[in-house]
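Note: hydrogens, waters and symmetry copies are ignored here, and every other heavy atom, side chains too, is used. Just so it is clear, the model here is predicted, and its values are computed rather than measured.
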Amino acid sequence: MPTLLHSSLIHLFVYCLLSAQPSLQQNINIPTLSNSTFISRNDDDIIVTKPGCPRKCGNLTVPYPFGIGIASNCSMNPWFDVYCDSSVDPPYMLLSTRDDYRLVDISDSQIRIKNPFFASRCYSSNISSLNLTLDFSATPYSLSDSNTLTQVGCSDLAVFEGFSMQYAAPNMTGQNNFATGCVSFCSNGDLSLNGSCPGNGCCQIPVPKGTVFVNSSITGLEDRWRDQLAKPCSYSFIGERESFSFKAVSDLYQPPMTIVDWLQGVTVALDWRIGAENCSRARSSPDFSCQKNSDCIDADAGVGGYRCACLKGYQGNPYLPPGCLDIDECKSNPCHATGICINSPGDYACGCPEGYDGDGRRNSSGCFLVPMPSSKLSKLSIGLISGMGFVTLFCISILLAKFVRKRENNKQKHKFFKQNGGLLLQRQTSVKEGILGKTRIFTAKELDKATDKFNESRILGQGGQGTVYKGMLSDGQIVAIKKSQLVVDEHKTKHIVEQFINEVVILSQINHRNVVKLLGCCLETKVPLLVYEFVPNGTLFHHIHEDKNTEFPFSWNMRLKIAADVAGAFAYLHSATSLPIFHRDIKSSNILLDEKYVAKVSDFGTSKSVAVDQTHLTTNVNGTFGYIDPEYFRSSQFTEKSDVYSFGVVLVELFTGLKPILPSTQSEDDSRSLVSRFLSSMDENNLDSILDNQVSARDEKEGVVAVARLAQRCLDLNGKNRPYMKEVAMELESVRIAQMGSAAHKKLPEDSSFPKLGSMILSTDDNNYSWTTTSDFPTHSSSDAFPIMLDTP
């Protein structure tokens with residue numbers, strides 16, 4: 001806000017000033033304001049190399065990405081290493097492990113090197129080097145088109161072949177091959193170049209731009225063309241056209257072969273580049289080298305790669321932080337002596353001081369004094385006063401609007417807090433140890449950002465009470481966010497709020513590894529939001545009934561461990577909390593599985609805390625059809641044994657793989673209740689007729705029968721005959737431990753099958769789940785449980 005007001009005040013002041021003085025409006029050039037820092041510096045102050053690296057070798061400045069020293073980390077990579085030998089001038093640059101070229105110049109796109117690159121052919125001696133080869137294909141260098149291949153001699157053919165690299169795609173290049181040649185003839189047997197080529201005894205071949213490999217060879221023509229050969233040797237070399245002349249060409253043939261000395265003055269120009277990708281692709285790479293206030297320039301000739309250059313009005317090394325810095329053009333006095341120079345990022349402007357007219361430019365009349373009439377002076381004063389008053393009113397109105405908006409937001413948040421049961425939640429807890437004091441309160445802005453504004457792609461599940469979204473908090477924690485259903489009916493809204501309050505109160509009292517954790521809530525939105533720990537592997541219902549992944553079977557050992565863990569959680573709720581808690585909605589879809597398939601009980605919206613001496617709750621019948629205790633359905637009295645009945649249904653789901661309400665195709669005698677079908681199969685000693693294929697074919701038989709007998713007790717129509725949840729947990733854990741010990745000692749034969757329950761003699765003692773069989777069936781069986789599932793802490 002202060003920055004906006006400050007900027008508005010400045011612009012309004014200038015507007016009023018120009019309105020009062022039209023001549024100033026025409027002649028003052030107001031620069032664009034920027035946050036850039038203007039630094040005055042000399043050339044020696046510009047950052048050229050990496051910190052701690054040498055700047056010069058002799059008189060040659062070596063800027064980054066080049067660097068002095070081999071493997072010294074002063075260059076971008078080893079191809080830009082410069083070896084500096086103070087005893088030799090110019091210094092040497094190491095381009096590869098086998099080539100050592102003398103470096104004489106570095107520019108923003110080229111380097112120039114010296115070395116006698118030539119081939120020779122002598123007819124009167126064996127001192128010949130028939131081939132000239134240059135290979136830059138594996139380097140960031142290529143030959144510039146300012147180079148030529150020059151052939152000097154009489155009656156010889158220079159053959160020139162090579163290839164250039166053609167950029168095609170990221171990390172992909174192709175070759176553009178070429179081959180050419182030229183013949184050097186001498187008229188009258190006299191080699192007189194007269195300082196020019198091509199000419200008598202000389203021919204030249206241009207080098208294509210982007211060439212990375214060349215091979216040149218000299219071939220003598222037939223003897224009839226050399227009858228009047230004036231010179232005994234021919235030479236072929238590569239160099240820049242402007243770096244040599246032929247005025248002393250006759251000296252080339254004075255013994256010994258002085259062409260080596262003459263070629264010391266010939267330079268070869270090499271284009272250099274960064275990487276292999278062009279600018280459009282390199283900008284998205286984390287290794288992009290161009291720094292602030294610089295531009296990326298694609299390498300020429302389609303070879304791929306790029307270079308960096310400072311923008312106009314900036315100077316420095318575009319490859320090193322902080323990048324290119326603004327040039328203070330005003331230091332060089334670019335404006336008229338009577339004008340004012342105003343520096344700006346990358347540019348400058350000329351103007352005139354107050355009371356003067358003109359453009360202030362150097363090549364103009366400059367600035368001259370303009371008398372100001374008293375009438376105009378009064379207009380200026382009125383304009384300034386009016387402008388200041390307008391700015392003051394504008395600032396006051398903005399501050400007032402901000403205050404009103406903040407007050408309205410606070411009123412709306414307080415309204416939603418009351419609407420979502422915040423006051424009721426506070427009344428249900430003490431001031432000293434309030435639930436809201438223990439539970440993190442999230443803001444609507446935090447949760448909106450965590451769920452990408454509650455995007456539909458983040459939905460984990462939907463139900464009658466609302467929608468659950470996957471979110472990520474600002475600290476990176478993954479959470480599940482439950483958004484209550486928005487309804488218009490006031491009675492339904494009250495019911496949803498009561499369930500929300502109840503779930504916060506219940507979960508805030510529970511600390512158990514098999515109960516989903518409540519991390520916090522949000523009360524300042526239209527509907528209340530609850531934030532839970534994220535449980536990634538979905539519901540138990542999904543794994544039993546919908547996920548039929550044969551590559552990762554949902555084995556009996558996994559099911560048994562889940563049953564034991566869940567029973568332990570409900571036993572904790574019934575017996576270990578300060579006030580017993582009845583869940584009242586136990587079902588497989590309310591049991592979640594984490595990344596290690598550890599069970600987590602969820603959805604406590606309908607749960608109730610009861611007094612220690614209270615035996616039941618009298619309420620309207622709530623729950624999910626197929627899981628509801630028939631005794632509770634008839635009497636409306638919910639007891640802890642009602643939870644036991646619902647858990648018994650979950651046990652039957654685990655070893656049958658069937659849903660609580662069977663489709664008509666799976667039911668018999670029009671009975672669609674899984675409980676009825678299960679109890680009938682137990683009475684008929686035909687348990688295996690309803691077992692899941694994975695359970696009956698692969699897992700421990702003793703444990704399956706023991707759990708079936710336990711489920712039969714849990715589903716007793718008389719609640720008094722059902723075991724307590726603590727007994728259920730202990731018996732399931734005993735079965736699991738016994739089964740794990742059995743699996744560790746003996747395995748079933750691979751061809752064994754699950755016998756009919758009719759072939760088994762089950763004990764009638766409810767506390768004894770041993771069995772015998774009339775068939776050849778071993779008493780111990782193998783376990784196919786995954787160890788990571790069984791041993792999960």
I'd like to know if the side chain of Ser243 reaches the main chain of Thr267, judged simply by a donor and an acceptor atom lying under 3.5 Å from each other, with no hydrogens or angles considered.
yes

Short side-chain to backbone donor-acceptor contact, Asp347 and Ser344, under 3.5 Å
no

Minimum heavy-atom distance between [X] and [Y], given as atom pair plus value:
{"X": "Ile218", "Y": "Gln151", "value": "CG1-OE1, 3.9 Å"}
{"X": "Cys290", "Y": "Tyr306", "value": "SG-CE1, 3.9 Å"}
{"X": "Cys367", "Y": "Pro353", "value": "SG-CD, 4.2 Å"}
{"X": "Ser184", "Y": "Cys203", "value": "N-SG, 4.0 Å"}
{"X": "Gly471", "Y": "Arg458", "value": "CA-NH1, 4.1 Å"}
{"X": "Ile47", "Y": "Pro322", "value": "CD1-CD, 3.8 Å"}

Atom [atom1] of [X] and atom [atom2] of [Y]: how far apart are they, to the nearest 0.5 Å?
{"X": "Arg102", "Y": "Asp85", "atom1": "CZ", "atom2": "CG", "result": "10.0 Å"}
{"X": "Ile205", "Y": "Thr148", "atom1": "CD1", "atom2": "OG1", "result": "9.5 Å"}
{"X": "Tyr64", "Y": "Asn317", "atom1": "OH", "atom2": "CG", "result": "8.5 Å"}
{"X": "Arg273", "Y": "Asp298", "atom1": "CZ", "atom2": "CG", "result": "12.5 Å"}
{"X": "Phe178", "Y": "Phe213", "atom1": "CZ", "atom2": "CZ", "result": "9.5 Å"}
{"X": "Lys50", "Y": "Tyr319", "atom1": "NZ", "atom2": "OH", "result": "15.0 Å"}

Proximity of Phe136 and Tyr141 rings by center, below 6.0 Å
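Ring centres of Tyr141 and Phe136 not closer than 6.0 Å.
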
Can you tell me how the ring of Phe66 sits relative to the ring of Phe80, calling it parallel under 30°, perpendicular over 60° and tilted otherwise?
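Correct class here is perpendicular.
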
Contacts of type side chain to side chain donor-acceptor pair (under 3.5 Å), residue [X], not counting sequence neighbours:
{"X": "Ser216", "answer": "Ser236"}
{"X": "Thr133", "answer": "Asn215"}
{"X": "Asp271", "answer": "Gln110, Lys209"}
{"X": "Thr338", "answer": "His336"}

Any chance the SGs on Cys335 and Cys341 are under 2.5 Å from each other?
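Disulfide absent: SG-SG distance not under 2.5 Å.
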
Side chain proximity check, [X] to [Y], heavy atoms < 4.5 angstrom:
{"X": "Val268", "Y": "Glu240", "result": "no"}
{"X": "Val82", "Y": "Leu103", "result": "yes"}
{"X": "Val62", "Y": "Ile106", "result": "yes"}
{"X": "Leu149", "Y": "Val214", "result": "no"}
{"X": "Thr150", "Y": "Cys202", "result": "yes"}
{"X": "Thr139", "Y": "Trp272", "result": "no"}
{"X": "Leu473", "Y": "Val479", "result": "yes"}
{"X": "Asp135", "Y": "Val212", "result": "no"}

Mind checking salt bridge (charged side-chain N to carboxylate O under 4.0 Å, His left out) for Asp105 and listing every partner two or more places apart, or none if nothing turns up?
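Checked Asp105 against salt bridge (charged side-chain N to carboxylate O under 4.0 Å, His left out); matches are Arg112.
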
What residues form a salt bridge (charged side-chain N to carboxylate O under 4.0 Å, His left out) with Arg283, not counting sequence neighbours?
Asp295

